[in-house]
Amino acid sequence: MTPTTVSASRCHGGVQSVFSHASAATGCVMRFGVFLPPRAERERVPVLYWLSGLTCTEENFIVKAGAQRVASELGLALVAPDTSPRGDGVPDEPDSYDFGVGAGFYVDATRAPWRRNYRMYSYVSEELPALVAATFPVDGARAGICGHSMGGHGALVLALRNPRRFASVSAFAPIASPSRCPWGEKALAGYLGPDREAWRAYDATALIEAHGWAGPPVLVDQGTSDPFLDTQLKPQLLREACARAGVALDLRLREGYDHSYYFIATFIEDHLRHHARNLGAR
């Protein structure tokens, strides 16, 4: 189904748009942002998917990160989906910011009432890339993925499980091992149930230890003043898993930076250039 244009604005010579469409994966109307650089007017371009964190929508990244200027220069398309299903009939826990709407955790839920709508893994790995490739002048064979916090977790998991779909991966302050932190334990237990073995399919450290990663180095930026560093994010667990599996990890600890979009805006250019190199952007 052709997506519906919600908005479109000229930006750094390209166009920043937001679209909506009826999603079969999530059973509701989903929104996503797309930035097309000027080069997309004459050829198919590589594409970078961005996954946002808890409480966010597609808007946070496209408004706050300042990614369009460099993406325009590099000839890189940007796609930023919402973080969860939304709307009437979609179950929620309105008093909980870290579970339910805005907190889809990029998993395919298996427990009622979440399993009907909360299928963000399938949405990002299959439905959205197919829709983007069919609608926009992007080269689906040259796709990377990046994200922040919960979205950093999602980016790592999606790349590790789909290396033919996503050839390049990076993250800002990712939840490195959701099986071993309060945010992740709450989400995985709620969406998947108490069987911790089932959680391993959505834990980057477990996936690295089980399957490795044959792609280019994984780039991770982490602020040392992030209030969630020790309790929720635990980048040392990712470093240890990569070391054991022989996976190249470029973990950059940024002194004094926190968890905010000021941190992301400061270093987003490094990530865009990382993906452009890996995806053969010209």
Side-chain angles (χ1 to χ4, degrees), residues 1-21 23 29-53 56-83 123-125 127-148 151-152 154-155 158-159 165-172 216 219 221 260-282:
M1 181 179 295
T2 302
T4 299
T5 303
V6 177
S7 65
S9 300
R10 201 74 177 161
C11 181
H12 292 289
V15 179
Q16 175 64 63
S17 303
V18 175
F19 297 90
S20 66
H21 73 110
S23 167
V29 173
M30 296 292 294
R31 288 166 56 118
F32 61 97
V34 175
F35 174 73
L36 292 176
R39 194 170 300 163
E41 296 176 3
R42 59 182 185 273
E43 63 185 87
R44 290 189 173 272
V45 295
V47 57
L48 177 64
Y49 290 84
W50 170 271
L51 305 183
S52 290
C56 292
T57 69
E58 78 289 338
E59 185 177 66
N60 296 72
F61 176 73
I62 65 179
V63 171
K64 295 180 179 181
Q68 293 92 341
R69 177 185 61 81
V70 177
S72 179
E73 172 198 332
L74 297 172
L76 190 62
L78 305 174
V79 177
D82 200 349
T83 51
Y123 179 70
V124 177
S125 65
E127 185 177 21
L128 183 60
L131 179 65
V132 167
T135 309
F136 305 102
V138 303
D139 182 353
R142 292 189 292 160
I145 193 164
C146 181
H148 172 232
L158 279 146
R165 171 78 72 190
F166 303 109
S168 179
V169 61
S170 70
F172 287 85
L219 173 60
D221 268 297
S260 71
Y261 263 84
Y262 297 113
F263 163 55
I264 295 169
T266 301
F267 300 109
I268 190 64
E269 181 170 350
D270 292 349
H271 287 246
L272 296 176
R273 294 192 182 280
H274 166 83
H275 289 284
R277 288 191 299 271
N278 295 339
L279 301 175
R282 297 186 297 275

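Scanning all heavy atoms of the two residues, the minimum distance from G280 to R142 falls at O-NH1, 2.9 Å. For the pair P216 and S168, the tightest heavy-atom approach, listed with the atom from each and the gap, is CG-CA, 4.5 Å. Shortest non-hydrogen contact noted between K64 and Y261 is CB-CD2, 3.6 Å. The two residues G144 and L279 make their nearest non-hydrogen contact at N-CD1, 3.6 Å. In terms of heavy atoms, I268 sits closest to A67 at CG1-CB, 4.0 Å.
With contacts defined as side-chain heavy-atom distances shorter than 4.5 Å, the pair W50/L78 does not qualify. Residues L219 and F267 fail the side-chain proximity criterion, which asks for heavy atoms closer than 4.5 Å. In this structure, the side chains of T4 and V29 stay at 4.5 Å or more apart for every pair of heavy atoms. Side-chain contact check for T57 versus R31: every heavy-atom pair is 4.5 Å or farther apart. In this structure, V132 and Y49 have side chains that are in contact, with non-hydrogen atoms separated by less than 4.5 Å. Using a 4.5 Å cut-off on side-chain heavy atoms (C-beta onward), L51 and P81 make contact. F35 places none of its side-chain heavy atoms less than 4.5 Å from the side chain of I62. At a threshold of 4.5 Å between non-hydrogen side-chain atoms, the residues L48 and C146 count as touching.
A donor-acceptor pair is defined here as one N or O able to donate and one able to accept, closer than 3.5 Å; such a pair exists between the side chain of T266 and the backbone of Y262. At least one donor-acceptor pair under 3.5 Å links the side chain of T83 to the backbone N or O of C56.
Here H274 pairs with nothing under the ring pair (Phe, Tyr, Trp, His ring centres under 6.0 Å) rule; sequence neighbours left out.
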**Criterion side chain to side chain contact (heavy atoms under 4.5 Å, CB included) on L131 and F32, from CA distance to verdict** = CA-CA 11 Å; L131 179 65; F32 61 97; 3.9 Å; yes

**Message:** Between I145 and V124, is the side chain to side chain contact (heavy atoms under 4.5 Å, CB included) condition met? List the steps.
**Reply:** CA-CA 10 Å; I145 193 164; V124 177; 4.3 Å; yes

**Message:** What verdict does the side chain to side chain contact (heavy atoms under 4.5 Å, CB included) test give for E73 and H12, after you've listed the backbone C-alpha separation in whole Å, the side-chain angles of each residue and the deciding distance to 0.1 Å?
**Reply:** CA-CA 9 Å; E73 172 198 332; H12 292 289; over 6 Å; no

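When ring centroids are compared, F172 and H271 come within the 6.0 Å threshold. Separation of the F263 and H148 ring centroids does not fall under the 6.0 Å cut-off.
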